[in-house]
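Quick notes on the structure that follows.
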Amino acid sequence: MTGVSPRPEVTMAQRKRQLVSTELTEAALQLMAVEGFDAVTVDEIVATAGVSKRTFFRYFASKEDVVVQFLADMGTGMCAELAARPADEPPSVALRHAVWVAMAACADGADHSGRALRVVQLILRTPALRARFLERQGQWRDDLAVEAARRQGLDPEADLYPRLAAGAALAAFDTVLRRWSDSGGAEDPAALTDRAFAVLAPALDAAGAPGSPEGRSGAKPSRPPGGAPETR
């Protein structure tokens with residue numbers, strides 16, 4: 001078949017790195033499920049995984065990262081999906097698909113979704129992990145804003161819409177993730193994502209429309225009635 005790029009081969013080194021990373025994450029999760037996050041040490045994790053402490057720190061900066069890293073690729077997946085959506089697709093639809101890529105990564109397959117659920121519940125219930133996860137989301141917000149601005153022909157620094165849209169999408173993601181976690185994985189994440197964006201769609205699509213003030217880069221919205229007079 002012509003025109004199809006071959007999938008890049010995974011090298012032996014990459015395979016080994018992924019295996020060690022997975023073993024460390026599994027060891028950490030097993031220990032934390034019994035002892036709690038605060039009680040588990042890096043020494044215990046490496047002993048359970050059968051690797052050295054030096055190896056641990058080649059892969060992770062801290063025990064927080066060994067858990068949060070499991071969800072780290074979600075932001076990359078969101079941005080890639082948003083960039084791949086059709087150019088004429090409404091913003092709410094494109095962003096809904098982007099968020100669903102991240103949720104699907106959690107809920108895909110019984111074995112994987114069970115492991116993902118344990119990680120998500122641990123992160124949401126542990127203040128230190130939750131804080132680290134929110135730090136990651138801050139970077140995702142910046143990246144999504146840049147892509148949202150490109151799609152709408154806006155300036156990600158000067159216009160308000162891109163960052164507001166990215167923030168709204170991540171608020172939906174966070175809400176759906178928490179609801180799915182609280183239900184023990186029983187609630188359908190696809191349905192939850194659809195419901196979340198049904199609420200956001202009117203604002204995302206109206207503000208992002210080409211004729212709206214924020215849909216025209218550099219355009220200033222009209223002053224609301226009763227607003228302070230413009231100084232000259």
Side-chain angles (χ1 to χ4, degrees), residues 14-82 98-109 111-146 166-167 169-185 189 192-193 196:
Q14 289 172 321
R15 225 180 266 124
K16 181 181 178 183
R17 184 175 180 82
Q18 183 58 51
L19 181 62
V20 174
S21 176
T22 300
E23 287 176 349
L24 284 167
T25 299
E26 281 296 339
L29 291 176
Q30 288 170 16
L31 290 166
M32 290 171 190
V34 176
E35 302 178 29
F37 173 79
D38 291 330
V40 173
T41 65
V42 171
D43 287 331
E44 287 181 281
I45 295 172
V46 299
T48 302
V51 301
S52 69
K53 201 168 182 179
R54 181 188 231 172
T55 297
F56 178 93
F57 286 111
R58 278 209 303 266
Y59 287 81
F60 303 105
S62 66
K63 69 174 185 176
E64 287 86 357
D65 283 339
V66 78
V67 180
V68 175
Q69 181 65 33
F70 183 80
L71 304 180
D73 291 337
M74 282 182 168
T76 302
M78 282 191 209
C79 285
E81 179 64 17
L82 185 59
V99 168
W100 171 240
V101 162
M103 286 307 305
C106 282
D108 185 23
D111 291 341
H112 180 80
S113 64
R115 182 166 174 250
L117 181 62
R118 283 187 292 144
V119 175
V120 169
Q121 289 176 334
L122 184 62
I123 288 172
L124 296 183
R125 295 170 183 174
T126 307
L129 293 174
R130 176 72 174 156
R132 187 63 59 92
F133 190 43
L134 289 175
E135 284 179 18
R136 295 290 182 102
Q137 287 190 40
Q139 181 58 56
W140 300 356
R141 185 178 297 106
D142 292 344
D143 295 341
L144 283 171
V146 169
L170 286 173
F173 164 73
D174 209 51
T175 301
V176 170
L177 196 68
R178 183 176 291 278
R179 186 71 172 265
W180 178 69
S181 170
D182 289 346
S183 75
L192 289 171
T193 303

Return the minimal non-hydrogen interatomic distance between K63 and V66, and the atom names on each side. O-CG1, 2.9 Å
With sequence neighbours left out, write down each residue that passes side-chain hydrogen bond (donor to acceptor under 3.5 Å, both in side chains) with Q18, or none if nothing qualifies. T22
Answer whether the closest heavy-atom distance between the side chains of V46 and S52 falls below 4.5 Å. no
Do you know which two heavy atoms are closest between V176 and A196, and how far apart they sit? CG2-CB, 4.0 Å
Please report the shortest heavy-atom distance between A49 and E23, naming the atom on each side. CB-O, 4.1 Å
Any idea which heavy atoms bring L170 and W140 closest together, and the distance? CD2-CE3, 4.0 Å
Going by side chain to side chain contact (heavy atoms under 4.5 Å, CB included), name the residues that satisfy it together with R58, two or more places apart in sequence or in a different chain. R54, T55
Checking Y59 against D65 for the side chain to side chain contact (heavy atoms under 4.5 Å, CB included) test, could you report, in this order, the C-alpha distance in whole Å, the side-chain angles of both residues, the deciding distance, and whether it holds? CA-CA 9 Å; Y59 287 81; D65 283 339; over 6 Å; no
Any donor-acceptor pair under 3.5 Å linking the side chain of T25 with the backbone of V67? no
Interatomic spacing from CZ in F173 to CE in M74 - rounded to 0.5 Å: 4.5 Å
All heavy atoms of S62 vs all of F56, minimum pair found to be O-CZ, 3.7 Å
Listed partners of R17 passing side-chain hydrogen bond (donor to acceptor under 3.5 Å, both in side chains), at least two apart: none
Please examine the side chains of M78 and V101, heavy atoms only from C-beta on, and report whether any two atoms are closer than 4.5 Å. no
Taking all non-hydrogen atoms of both residues into account, name the closest pair between P189 and W100 and its distance. C-CZ3, 3.6 Å
Without placing hydrogens or testing angles, list every side-chain donor-acceptor pair under 3.5 Å for residues 122-130, not counting sequence neighbours.
from : atom 1 : to   : atom 2 : distance (Å)
T126 : OG1    : L122 : O      : 2.7
R130 : NH1    : D174 : OD1    : 3.2
R130 : NH2    : D174 : OD2    : 2.6

Taking side chain as C-beta onward, heavy atoms only, is L19 less than 4.5 Å from R15? no
Atom pair CG/CD of L144 and Q139 - distance to nearest 0.5 Å: 10.0 Å
Student check: side-chain heavy atoms of I45 and F60 closer than 4.5 Å: no
Going from CG on L82 to CG on D143, what distance comes out if it is rounded to the nearest 0.5 angstrom? 11.0 Å
For D182, check side chain to side chain contact (heavy atoms under 4.5 Å, CB included) against everything at least two apart and list the hits. R178
Check: residues 26-40 side-chain donor-acceptor pairs under 3.5 Å, at least two apart:
from : atom 1 : to   : atom 2 : distance (Å)
E26  : OE2    : R115 : NE     : 2.3

